[in-house]
Amino acid sequence: RVTDYFRFDAGIHLTLNSAKVTQKIMLDIQNVSNHINIYSQYYDSEAKELKYWYQNGIFPVFNYRIEF
């Protein structure tokens, strides 16, 4: 069993409406707390021990959308 998974995400969204077009600008930041979570574990036969793969720390996602 691995430790509990914890991730805090935050985001901001701006919507611009006009007569024919809607524009959306979005910034999401995943794992704001930069908590290092275990993604998976494997057994290293050479070292004869369990080893872990970890997930990314802070990860920004920028998105721009135009809707007609």
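No hydrogens, no waters, no symmetry mates; every other heavy atom, side chains included, goes into these values. For clarity, every value in this text was computed on a predicted model and none was experimentally measured.
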*Step-by-step side chain to side chain contact (heavy atoms under 4.5 Å, CB included) determination, Thr15 to Thr22*: CA-CA 7 Å; Thr15 302; Thr22 299; 3.8 Å; yes
*Should we count CD1 of Ile12 as having more than 12 external heavy atoms under 6.0 Å?*
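At most 12 heavy atoms, drawn from other residues, nucleotides or ligands, come within 6.0 Å of this atom.
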*asked:* One thing to verify: whether Glu67 and Arg65 come together as a salt bridge, which I'm taking to mean a side-chain N less than 4.0 angstrom from a carboxylate O.
replied: yes
*Between Trp53 and Phe6, is there a shared hydrophobic cluster once you connect ILVMFWY residues whose side-chain heavy atoms come closer than 4.5 Å?*
no
_If hydrophobic clusters are built by linking Ile, Leu, Val, Met, Phe, Trp and Tyr wherever their side-chain heavy atoms come under 4.5 Å apart, do Tyr5 and Phe8 end up in the same one?_
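No: no chain of side-chain contacts under 4.5 Å links Tyr5 to Phe8.
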In Å, rounded to the nearest 0.5 Å, how long is the span from [atom1] of [X] to [atom2] of [Y]?
| X | Y | atom1 | atom2 | value |
| --- | --- | --- | --- | --- |
| Glu46 | Lys51 | CD | NZ | 8.5 Å |
| Tyr54 | Asn37 | OH | CG | 10.5 Å |
| Ile36 | Thr3 | CD1 | OG1 | 11.0 Å |

*asked:* One pair to check against side chain to side chain contact (heavy atoms under 4.5 Å, CB included): Gln23 and Tyr64. What are the steps and the verdict?
replied: CA-CA 7 Å; Gln23 300 178 57; Tyr64 176 71; 2.5 Å; yes
*Keeping the roles fixed (side chain from Asn31, backbone from His35), state whether a donor-acceptor pair exists under 3.5 Å.*
yes
*Under 3.5 Å donor-acceptor, Asn63 side chain and Met26 backbone*: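 Not at all, since once roles are kept as given, no pair shorter than 3.5 Å links the two residues.
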*For Tyr39 and Gln55, which heavy atoms make the closest approach, and how far apart are they?*
CD1-NE2, 3.3 Å
*asked:* I need the minimum non-hydrogen distance between Asn34 and Ile58, along with the two atoms involved.
replied: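 Looks like OD1-N, 3.2 Å.
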*Would you check if Ile25 and Phe62 make a side-chain contact, meaning some heavy-atom pair closer than 4.5 Å?*
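Answer yes - side chains close enough.
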_Within the 4.5 Å heavy-atom criterion, are Val21 and Phe68 side-chain neighbours or not?_
yes
*Begin with the C-alpha distance, continue with both residues' side-chain angles, and end with the deciding distance and a verdict on side chain to side chain contact (heavy atoms under 4.5 Å, CB included) for Lys24 and Ile66.*
CA-CA 6 Å; Lys24 295 182 179 181; Ile66 300 175; over 6 Å; no
